[in-house]
Structure formats: structure tokens, C-alpha cells
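All residue numbers refer to positions in the sequence shown, counting from 1. Everything numeric in this text was worked out from a predicted model, so none of it was measured.
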Amino acid sequence: YGQAMSHLGGRPLRAIVKDGDTPVALAQFLIRDFAGLARAALCSHGPVWLARLDTPAKAEIYRELRRSSPLARPRFTHFTPAATALGAPA
């Protein structure tokens with residue numbers, strides 16, 4: 001998806017979140033620049049959780065993904081997590 005969107009002007013940025021040496025989440029962001037004034041990073045259907053994590057652990061991962069973004073400020077990071085069959089975030 002990221003590679004396909006790069007042909008349409010998007011710039012993919014990927015992240016692996018680890019607990020020690022074990023990957024626990026994957027995230028792919030599409031980066032857009034708005035007239036050089038601000039940057040936006042959209043993580044559609046993600047992050048993808050590779051391990052069972054409680055809500056506080058997931059919240060910390062979201063914070064860390066936002067904080068560690070290599071994009072210059074001002075920047076906006078938005079997540080649209082995938083939903084389970086019951087409608088709850090995965």
C-alpha cells in the first residue's frame with residue numbers, strides 16, 4: 001500500500017515497536033506535506049498488534065509513535081485502527 005501510494009505523491013514511513021527483541025506492533029504511515037507549512041502522518045488500519053497488550057501498553061505505544069516521528073514540526077499524526085468483527089479496536 002505504501003509503495004503504491006508513493007506513486008501518487010505519498011511518502012511511506014514504517015515503524016516496528018519492540019519489547020526488548022520481540023516485535024509487538026507494526027505501523028505504516030503515509031506522509032503528506034501541506035505547502036511546506038505542516039506535515040501529516042496517517043496510519044490507516046494500524047498499528048497492527050503482534051502481541052496481546054493491555055490498554056495502557058497500547059496507549060503508550062501510540063504516544064511513543066507520535067513522539068518519535070522524524071517529521072519536522074508542526075506535524076500531525078492520526079491513527080485509524082482496524083476494528084474487530086464486534087466493532088472494537090483490534
Side-chain angles (χ1 to χ4, degrees):
Y1 177 73
Q3 186 174 6
M5 292 305 292
S6 69
H7 294 288
L8 299 173
R11 184 173 49 130
L13 179 66
R14 296 177 180 103
I16 299 173
V17 180
K18 294 182 178 182
D19 181 10
D21 291 332
T22 305
V24 295
L26 302 173
Q28 176 175 264
F29 298 89
L30 270 185
I31 310 305
R32 295 280 184 171
D33 187 61
F34 293 97
L37 301 174
R39 280 128 305 276
L42 173 62
C43 182
S44 297
H45 303 286
V48 174
W49 305 107
L50 304 176
R52 288 191 177 269
L53 300 170
D54 59 20
T55 299
K58 287 182 178 181
E60 179 60 28
I61 288 171
Y62 281 115
R63 279 191 297 276
E64 197 57 30
L65 285 168
R66 280 189 177 95
R67 186 197 65 74
S68 63
S69 172
L71 300 178
R73 293 185 186 267
R75 64 181 184 226
F76 305 95
T77 304
H78 187 70
F79 298 91
T80 57
T84 66
L86 299 176

Discussion item. Would a single hydrophobic cluster contain both Ile16 and Ile61, if residues Ile, Leu, Val, Met, Phe, Trp and Tyr are joined by side-chain heavy-atom contacts under 4.5 Å?
Written reply: no
Fill in: Check: Leu71 and Phe29 side chains under 4.5 Å, non-hydrogen atoms
no
Worksheet item: Counting only N and O atoms by type, is there a donor-acceptor contact under 3.5 Å from the side chain of Asp19 to the main-chain atoms of Thr22?
Response: no
Worksheet item: More than 12 heavy atoms of other residues, nucleotides or ligands under 6.0 Å from CZ of Arg11: is that the case?
Response: no
Worksheet item: Are Leu26 and Leu30 joined in one hydrophobic group, where the rule is that I, L, V, M, F, W and Y side chains link up if heavy atoms are under 4.5 Å apart?
Response: no
Practice prompt. Could you grab the distance from atom CD1 of Ile31 to atom CZ of Arg75, nearest 0.5 Å is fine?
Written response: 10.0 Å
Response to the item:
Nearest heavy-atom approach of Asp33 to Gly36 is OD2-N, 3.1 Å
Fill in: Shortest non-hydrogen separation from Pro47 to Tyr62 and the atoms involved
CD-CE2, 3.3 Å
Item to complete: Examine Phe79 and Leu13 and state if one hydrophobic cluster contains both, with Ile, Leu, Val, Met, Phe, Trp and Tyr joined whenever side-chain heavy atoms are less than 4.5 Å apart.
Response: yes
Discussion item. In the structure I gave you, are the side-chain heavy atoms of Leu65 and Thr77 within less than 4.5 Å of one another anywhere?
Written reply: no
Worksheet item: CZ of Arg63 to NZ of Lys58: how many Å apart, nearest 0.5 Å?
Response: 14.0 Å
Worksheet item: Does Arg73 offer a backbone N or O that forms a donor-acceptor pair with the side chain of Arg39 under 3.5 Å?
Response: yes
